[in-house]
Protein chains: 4
Amino acid sequence: MQKKNHLVPRKLPCQERSRVTVAAIYEAASQVFTRNGYSSTTTDLIAERAGVSIGTLYQYFPSKDAILVGLWENHFLQARALVEGLIREIEGLRFVDREVVARVIRRALQANMEDRVQHRLFVGDIPWPQAVIEKELELGRFIKSRLEDVFRRAPNLRVRNPRVAAHVAYGSVYALIHEYILYWTTEVGMDEFIREVTDMLVRYVFTGEERVVPAERFEAEGARA
Amino acid sequence: MQKKNHLVPRKLPCQERSRVTVAAIYEAASQVFTRNGYSSTTTDLIAERAGVSIGTLYQYFPSKDAILVGLWENHFLQARALVEGLIREIEGLRFVDREVVARVIRRALQANMEDRVQHRLFVGDIPWPQAVIEKELELGRFIKSRLEDVFRRAPNLRVRNPRVAAHVAYGSVYALIHEYILYWTTEVGMDEFIREVTDMLVRYVFTGEERVVPAERFEAEGARA
Amino acid sequence: MQKKNHLVPRKLPCQERSRVTVAAIYEAASQVFTRNGYSSTTTDLIAERAGVSIGTLYQYFPSKDAILVGLWENHFLQARALVEGLIREIEGLRFVDREVVARVIRRALQANMEDRVQHRLFVGDIPWPQAVIEKELELGRFIKSRLEDVFRRAPNLRVRNPRVAAHVAYGSVYALIHEYILYWTTEVGMDEFIREVTDMLVRYVFTGEERVVPAERFEAEGARA
Amino acid sequence: MQKKNHLVPRKLPCQERSRVTVAAIYEAASQVFTRNGYSSTTTDLIAERAGVSIGTLYQYFPSKDAILVGLWENHFLQARALVEGLIREIEGLRFVDREVVARVIRRALQANMEDRVQHRLFVGDIPWPQAVIEKELELGRFIKSRLEDVFRRAPNLRVRNPRVAAHVAYGSVYALIHEYILYWTTEVGMDEFIREVTDMLVRYVFTGEERVVPAERFEAEGARA
DNA sequence: AATGAATGAGGCTTCATTCAT
DNA sequence: CATGAATGAAGCCTCATTCAT
C-alpha cells in the first residue's frame, strides 16, 4: 500500500523561491519523462535536471508518482479549459460549418503542441493511479457526451448512431492529433493535415450542405420558417 | 550496452516438453505484460504465472526484453500476413466498394481481437530495442504506402493529397480499432462500430458513387467505354 | 561488454563523512577479498563488514570490480613509490654491498607486510581488467629493466646473461617475500629470513668481493686507479 | 555444509566407455579451468567441451569441486612420484654437483610443463577444500624436509640455517619454474633459464667446490679417509 | 529550507545440481 | 547409463525514499 497523500504535492509553495523550485522540477520532469519514459526516469535525474538536490525534490513531492500526477493535473486543467472554451464558443454560433470544424481542430492541435511534453507521457504502460485514470476517462466521456448531444440534436446530420459516432469522431481526431505531433510533424504540413482531418470529419457527419444547425437554433429558426 | 544475443531466444526447444514450456511462458508474459505494463512486470511473476521456475524461464530467454521481443515478433508476423492477405484479395477485385471496405475493417478488427494481448503492449513508453521500433514503423510505412498507391491511382476518389490521406485514413482506423478493443467493447456493438467506421472512411475517400476503381482496371475499362 | 566507467569510482566523496565511508569499504573489501578470494566475496559481505548498507557501497563504486581496481591502484602507487625511492637511494651510493642488498630486501618486505592485504589478492585467477594487467606487468618490467641495467653496467658481477638474471633475481625475491608473508611468518624469524635471502642473492650476483660498483663510478674510480 | 563424499569421484569407471568419458571430462575441465579460472567456469561448459551432457558429468562427479579435486589428485600423484624418483636417484649418487642440480631443475621444469594446465589452476583465489590444501602443504613440507636433511647433513655446504635455507631454495625454484612457464617461455630460452637458476642455487648452497657430499656417504667416505 | 549521504527492498540473472524420461 | 529440462538459492546492482547535518 501507499501512505496517504502520496499523490498530491506535499506543500504548496508559498514563497517565491519555492514556486520557482517547483516549476523547475515540473519542467525537468516533463523533459525526462518524455524522453525516457516514466519508469526509466529516476528521481535523481529529475532533481539534477531541475538543478536541485534530491532532498529538495522530496520536500515538495512525496513520491515520484506525485510528480507525474501533478504534471497530469496541469494537463487536465488545460485540456478541460480548452474544451469548455470551444464548446462555449460553438454554442454562441448560429451554425457549425466546415470552417468551424477546421478551427476547432486547429485549436486542439495547437493546444496539444504547446505541451507536447504530455504526449508520450499520457500514453503507455505506466501503472497509473486509479484516480488519474478515472479523471482521464471522465474528460473523454465529457467531450464525447457533448459531441453526442450535438449529433443527436442537429437534424441535418447523417450519423446513424449518435453515440457511436461521437466515439468514432472523437477517437479519430484525438488519435490523429497525437500521431501527427509525435511522428508526422516533419513529413506533413500543419495546414494540409488540418484540411484533411477536417475533410474526413465533415464528410463523415455533415449532409451535403456541409453545415450543422444546432437543435435549439434549428427549432427556433424552424419555427420562424 | 548489452551482450550480443540478448534479444533472441536462447535455445530452441527440441523436446515436446520444452515447447510446452515456452508456450506457457509466452502466454503468461502476454497476460502480465498486458495487465501491469512492461516495467511493472517482474520476471519472477511471469515464471510463476507460467508455472515454471525462474531458472527455466532463463533457459529459453536470455533476458526480460527477449520475451517481449519474441511476443512482438509473433505479432508482427501475424499482422504482416494479414495485411498481405488483404492486399492480395483487394487486388483481385474489379472495384472497391463500401462492402469491401467494411470487410477489410472487420477482418482487421477480428485479427486484433484475437491477440488482444498485444494492444496495451505495443503502445507506450517501453524503451524498445531499436530493431523492433524500426520494424514496427516499417510495417506502418508499408501499409500506408500501399494505401497511398490506391489513393493516387484510383481516379474517382476525392482525396486532396494521397500521402496525407493515407496517413489520416490508416491512422484513424488503426486508432479506432485499438480504442474499440480496449475500451468500447462493452458499450458499442461490433457491427455498429464497423458500420460507423466504414461510413467515415467511405465518405472520406469515395466520391458519391461510393466505389473505387483501381487505376489499371479503370484504364482498361475506361478504354472500352 | 560492460558499461563505461564500470571500473572507476563513481563519485568522489566530498563530505568528511563519506570519505570515512569509502575508507571503511576499502578496508572491509581488502579483508574479505583476502580471506575468501575475489569470487567468493559478495558485495553484501563487504558492505556488512564496512558497516554500511549495500546501497551506500554502490554510491561510491559502480561494481564489484571497481572496488578491486581501487584497491589495486593504491597498491600500485605504493609499490612504485617504494621502488623509485629505493632506486634513487642506491644510485646515490658509491657501491652496492651486502648491507645494501639486505636493506633493500628488508624494506621491500616491510612495505609488503604493511599492506599484507594485497598478497592473496594480486595473485590468482581473477579475470582482471586488461588495463590492470598491463600496469602490473609494466611495474614488473620496470623493476626488471632497472635491475638489468645494474647487472649490465657493474663490471664486477658474474651473471652470465643480465636479462635472464634480472628475471631470476627479481622473480625469486618477489616470490620469497610473498611466501614468507603468507605462510612462513610464524615459522621463520624475519631477520633470519632476510639474511638467507640476502645470502642467496649476493652469492648469485656478486663476485667474491661481495660488492658491486656501478659502471659510472667504476669507470671514474677505475680511471683514478 | 556439503554432503559427504562431495569431493571424491562418485563411482569408479569400470567399463571402458566410462573411463573414456571420465578422461574427456578431466581433459575438458583442465582446459577451461585453465583458461577461465575456476569460478568463471561453469559445469555446463565443461560438459559441453567434454562432449557429454551435464547429467552424465554428474554421474561421475558429485560436484564441481570434485572435478577439481580429481584433477589435483592426479597432479599430486605425479608430483610426488617425480620428487620421490629424484630423491631416490640422488641418494644413489656419490655426490651432488652442479650437473646434478641442473638435471633436477630440468626434470622439475619438464614435468611442470607437461601438465602446464595445472599452473594457473593451483595458484589463486579458489576457496580450496581444506583437505586439498592440507595435501598441497604436505607435499611442500615433504620436499622441504628432504632438502633440509640434505642441507643439515652435508658438511661442505655453507647455509647458515638448514631449515630456512630449505624454504628459500625450494621457494625460489618453485616460483621461478612457475613464472617461467607462465610468462617467460617466449622471452627466455629454456637452457639459459636452467643455467641461471642452477647458478643461483649452486652458489647459494655450495661452498667453492660446488659439490655436495651427502652425509651418509660423507661419513662413510670420511671414515675411510 | 537545502543538501547529499545512507538505506534496503526488490529486480534481473546465473549456475550448481536434481530428476523424469 | 545418457539426456537435457527443470529447479531455486544466491549474487549483483538500482533506485525510491529517508534523515542527519
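Order of the sequence lines sets the chain letters (A, B, ...), proteins ahead of strands, with each chain counted from 1. Only a predicted model underlies this, so the values are computations on that prediction, with no experimental measurement involved.
- The CG-P distance, from C:D65 to F:dG11, rounds to 16 Å in whole Å.
- C:Y60 and C:T21 are not linked by any side-chain donor-acceptor pair at a separation below 3.5 angstrom, with hydrogens and angles left out of the test.
- We find the OG1-CG distance between A:T42 and A:N36 to be 8.5 Å, quoted to the nearest 0.5 Å.
- Here A:I25 contributes atom CD1 and A:Y58 contributes atom OH; the two are 11.0 Å apart, rounded to the nearest 0.5 Å.
- Between the CD atom of B:Q31 and the CZ atom of B:R35 there is a distance of 5.5 Å, given to the nearest 0.5 Å.
- A 4.5 Å side-chain heavy-atom check between C:F76 and C:E73 finds every atom pair outside the cut-off.
- Where C:G55 and A:L57 meet DNA chain E, the nucleotide closest to each residue was compared, and A:L57 sits on the side nearer the 5' end.
- Remark: C1' of F:dC15 and CD1 of A:I67 are 13 Å apart, rounded to the nearest angstrom.
- A straight line from NZ of D:K64 to C1' of E:dT14 spans 11 Å, rounded to a whole angstrom.
- Residue D:I67 holds its CD1 atom at 11.0 Å from OG of D:S30, rounded to the nearest 0.5 Å.
- In this structure, A:F61 atom CZ and F:dC15 atom C1' are separated by 19 Å, rounded to whole Å.
- Look at OH on C:Y38: it is 10 Å from C1' on F:dC12, rounded to the nearest Å.
- Shown for residues 41-53 of chain D: residues whose heavy atoms fall under 4.0 angstrom of DNA chain E, namely D:T41, D:T42, D:T43.
- Taking the screw axis at each terminus of the helix from E:dA2-F:dT21 to E:dT21-F:dA2 from five consecutive base pairs, the angle between the two is 10° to within rounding of 10 degrees.
- As rounded to whole Å, 18 Å separates atom P of F:dC1 from atom CD1 of D:I54.
- The nearest pair of heavy atoms linking D:K64 to D:T41 is NZ-O, 2.7 Å.
- Under 4.0 angstrom from either OP1 or OP2 of E:dT14 there lies no side-chain N or O belonging to B:Y58.
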Run the side-chain donor-acceptor check on residues 45-56 of chain B: report pairs under 3.5 Å with partners two or more places apart or on a different chain.
from	atom 1	to	atom 2	distance (Å)
B:S53	OG	B:G55	N	3.4
B:S53	OG	B:T56	N	3.3
B:S53	OG	B:T56	OG1	3.2

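- What separates CD of A:Q59 from C1' of E:dG4 is a distance of 13 Å, to the nearest Å.
- Put simply, A:Y60 has a side-chain N or O that comes within less than 4.0 Å of OP1 or OP2 on E:dA1.
- Classification of the B:Y38-B:F33 ring pair by plane angle, with boundaries at 30° and 60°, yields tilted.
- Distances from the side chain of A:S18 to the nucleotides E:dA1, E:dT13, F:dT7 place E:dA1 closest.
- Between A:T56 and E:dA1, a side-chain N or O to OP1/OP2 separation shorter than 4.0 Å is absent.
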